[in-house]
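Let me begin by presenting the structure, written as structure tokens, before commenting on it.
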Amino acid sequence: MFVAELKSDVLKGIVNIISTLIDEVKFTITSEGMTLKAVDAAHVAMIEMNLTKGAFESFSAEDTEIGLDLEKVKGVLKLAGSGETIRMEQDDATGKLVFKVGNITRRMSLIDTTGMNDPKVPQLNLTATITVPIEELQKGIRAVESISDHITLKAGPEFFELSCEGDTDSVSLRLDPSSAKISTDSDVCSMFPPDYLANIIKAIPSGTQVDIELDNDYPMKLVFALADGAAKVDYLLAPRIESE
Amino acid sequence: MFVAELKSDVLKGIVNIISTLIDEVKFTITSEGMTLKAVDAAHVAMIEMNLTKGAFESFSAEDTEIGLDLEKVKGVLKLAGSGETIRMEQDDATGKLVFKVGNITRRMSLIDTTGMNDPKVPQLNLTATITVPIEELQKGIRAVESISDHITLKAGPEFFELSCEGDTDSVSLRLDPSSAKISTDSDVCSMFPPDYLANIIKAIPSGTQVDIELDNDYPMKLVFALADGAAKVDYLLAPRIESE
Amino acid sequence: MFVAELKSDVLKGIVNIISTLIDEVKFTITSEGMTLKAVDAAHVAMIEMNLTKGAFESFSAEDTEIGLDLEKVKGVLKLAGSGETIRMEQDDATGKLVFKVGNITRRMSLIDTTGMNDPKVPQLNLTATITVPIEELQKGIRAVESISDHITLKAGPEFFELSCEGDTDSVSLRLDPSSAKISTDSDVCSMFPPDYLANIIKAIPSGTQVDIELDNDYPMKLVFALADGAAKVDYLLAPRIESE
């Protein structure tokens with residue numbers, strides 16, 4: 001059993017984040033909320049998402065799983081204006097998920113979740129944490145797109161830098177403690193694939209504060225909240241390590 | 001002889017409606033206004049349009065016919081801002097139609113209307129009439145586009161429903177007497193091709209009230225007005241009948 | 001040595017104008033400002049541009065030349081909001097030009113200017129001068145695009161006309177002394193290639209007053225200012241002469 005209502009903007013934020021990695025998703029539902037663990041096909045990035053009941057306008061559920069085609073859910077989102085409420089209800093008889101938006105009813109077949117196993121999320125203990133408004137990272141990502149080689153993230157006690165070095169040209173975004181909260185004792189530096197980083201950074205809604213956790217030639221973690229803190233997201237991205 | 005001035009928005013509304021069916025159109029002009037009857041190449045839908053003098057800022061004409069290429073008229077509409085007046089004058093010497101928009105003069109060759117016969121418009125006496133704001137139908141059409149099979153329209157004394165059933169998914173817009181004026185004694189139901197219905201519903205300007213006339217496995221009629229009632233449109237659409 | 005700051009809108013206006021003709025540009029820099037002379041590959045049009053120090057927020061330079069790839073500069077412009085300041089500094093050690101926009105640093109390799117000779121700008125003494133708001137010309141250009149043959153510019157003591165004659169259709173923009181300042185004793189008329197004229201007219205920012213200098217079957221000149229008069233542009237366009 002699963003019946004819930006939520007604002008279209010909250011559902012849209014969630015779907016935009018997840019669909020940077022996968023097209024089909026399994027949500028694990030309990031009486032307290034929904035969780036999701038997903039890894040992309042190339043095993044380069046991983047998302048862990050927790051939605052508490054507080055992310056919803058109303059929420060009532062027993063333990064269940066639902067498998068969703070995100071393209072279909074995006075179709076439902078196009079029917080809802082900003083601020084409009086979307087109702088979801090699992091129809092136990094037909095096994096479908098029924099969306100209601102205003103006068104519209106959309107019955108959606110679910111994806112079989114048999115064999116969709118949750119990935120094991122590694123526990124990381126990363127040296128540096130940098131807290132920035134997502135808008136700064138979005139500017140940096142737009143800047144590096146003209147060069148589009150791997151992206152280097154560096155941090156030290158007094159700086160954070162996102163940079164990209166091409167054959168003849170280079171570009172960098174450099175923040176100091178006046179524009180980012182930086183917490184590290186030593187310098188750290190790792191490189192990452194630009195497409196993954198660009199996709200997730202662009203998908204995070206403006207107004208969001210993001211924690212970047214970073215180390216030396218090691219995965220990075222983006223930690224942020226959606227829905228006024230009721231939805232928490234951890235995004236892990238594997239580094240690109242240069243062979244010498 | 002034909003000289004008329006009208007607001008660009010009125011001309012745009014008219015052209016958008018007609019061009020859902022045809023590219024070239026013959027207007028029949030009298031001293032009282034303009035009329036048009038047109039059927040699409042596949043003979044699936046038909047438009048009958050009456051523009052009284054009241055749809056124009058000024059209107060002066062003797063009996064004549066003008067044949068227009070709608071793509072060219074759309075080009076003229078791009079030159080006019082919203083609320084700007086467009087002047088049309090038939091040049092008897094050259095047989096061209098002269099458009100004036102501000103300081104711009106556009107001389108357009110006309111299409112030969114010989115052989116462009118008016119289709120015979122069938123008289124239909126349909127059981128149910130539903131009056132709705134076009135915005136509701138536009139939401140419904142956006143909703144069914146993801147499924148895109150035939151569209152079913154149903155009505156009964158207490159409801160109107162636009163729905164679409166795919167192999168695994170379905171979607172419906174359901175209105176009750178609180179959001180639509182419904183007038184029928186019995187239940188009626190017909191199916192229609194989604195592309196025709198989508199095109200005409202999207203072309204009707206927002207703010208328009210539409211009468212849907214409906215029966216069982218029978219053509220439907222959309223009746224609506226443009227230009228504050230000075231232009232009246234009947235749109236007929238043939239049903240899609242399932243063989244069993 | 002070259003260090004300068006300017007508003008992104010000023011740099012954008014300059015780049016938009018130049019890139020109607022060429023992709024790579026050589027600026028000649030002195031302590032007083034920057035100049036540019038460029039001709040397109042087909043030798044149909046020519047631009048002469050003078051930017052005094054007043055076009056910049058700050059400007060400090062010794063005599064030098066810089067060769068820029070305009071596509072890369074457009075990439076920098078995308079990083080700057082309207083009203084934001086862009087800093088440019090030549091790095092003598094690496095020979096690169098360093099752009100700074102907010103927290104972003106973009107190091108750009110320069111184009112070798114050896115062999116990029118300035119074209120010789122002909123001195124023209126044209127009979128008619130017409131001063132118009134660029135918006136009028138932009139409307140006229142949009143109007144002729146549906147016909148897209150050569151464009152005829154005509155002027156006499158009491159009128160200015162931009163027109164285009166197709167096989168069956170024609171369009172014209174006609175201004176009188178109430179909407180354009182016209183200065184000529186006799187009638188003049190020349191024809192021009194529509195694509196060049198459309199590109200430059202669309203690139204000039206709205207709010208600009210343009211002087212059109214015109215004669216009989218002779219090049220035309222567009223003279224206008226950017227950056228509140230601190231940047232002056234002469235654009236010369238060769239006529240298209242009909243053989244009889």
Side-chain angles (χ1 to χ4, degrees), chain B residues 2-3 5-9 11-12 15-16 18-19 23-27 65-116, chain C residues 128 130-182 189 192 194-195 197-198 201-202 204 206-210 212 214:
Chain B
F2 167 59
V3 193
E5 291 177 317
L6 81 177
K7 292 288 180 195
S8 64
D9 315 79
L11 185 57
K12 191 176 183 176
V15 168
N16 282 350
I18 305 169
S19 58
D23 300 325
E24 302 190 339
V25 63
K26 181 186 77 176
F27 280 103
E65 285 180 353
I66 54 172
L68 287 174
D69 177 334
L70 292 177
E71 277 309 306
K72 289 186 181 179
V73 180
K74 285 182 185 178
V76 173
L77 285 165
K78 283 188 195 150
L79 307 176
S82 177
E84 208 170 348
T85 295
I86 296 177
R87 188 178 192 276
M88 299 184 286
E89 175 165 8
Q90 196 174 13
D91 180 340
D92 292 325
T94 62
K96 294 192 199 294
L97 192 65
V98 183
F99 289 87
K100 288 207 175 153
V101 185
N103 293 316
I104 289 164
T105 304
R106 172 77 170 83
R107 298 181 165 269
M108 191 181 290
S109 57
L110 294 177
I111 289 166
D112 185 3
T113 56
T114 316
M116 288 176 83
Chain C
I130 304 98
T131 307
V132 284
I134 188 65
E135 287 81 358
E136 286 288 354
L137 296 179
Q138 287 170 340
K139 270 192 219 173
I141 283 293
R142 275 207 306 279
V144 301
E145 279 182 330
S146 57
I147 298 190
S148 81
D149 212 339
H150 51 257
I151 293 175
T152 304
L153 298 189
K154 274 188 200 170
E158 297 294 325
F159 78 99
F160 168 72
E161 193 182 81
L162 181 158
S163 66
C164 192
E165 191 94 20
D167 287 341
T168 60
D169 290 22
S170 67
V171 65
S172 63
L173 168 79
R174 193 177 173 99
L175 305 177
D176 61 28
S178 73
S179 47
K181 196 180 140 214
I182 300 163
C189 176
F192 299 97
D195 43 355
L197 205 51
I201 284 175
K202 289 178 181 175
I204 297 174
S206 50
T208 308
Q209 287 284 112
V210 179
I212 306 166
L214 207 60

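Numbers restart at 1 for each chain; the letters A, B, ... are given by sequence-line order, proteins then strands.
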Closest heavy-atom contact between [X] and [Y]?
X: C:Gly207; Y: C:Glu135; answer: N-OE2, 2.7 Å
X: C:Phe160; Y: C:Leu137; answer: CE2-CD2, 4.0 Å
X: B:Lys72; Y: B:Ser109; answer: NZ-OG, 3.3 Å
X: B:Gly102; Y: B:Glu84; answer: N-OE2, 4.0 Å

With a 4.5 angstrom heavy-atom cut-off, which part of [X] approaches chain B: side chain, backbone, both or neither?
X: C:Leu173; result: both
X: C:Glu145; result: neither
X: C:Leu162; result: neither

B:Lys96 versus chain C, heavy atoms under 4.5 Å apart: side chain, backbone, both or neither? side chain
Strictly below 4.0 Å, N to O, side chains only: are B:Arg107 and C:Asp169 in salt-bridge contact? no
Report the option among B:Asn103, B:Thr94, B:Val76 that has the most heavy-atom pairs separated by less than 4.5 Å from atoms of chain C. B:Asn103
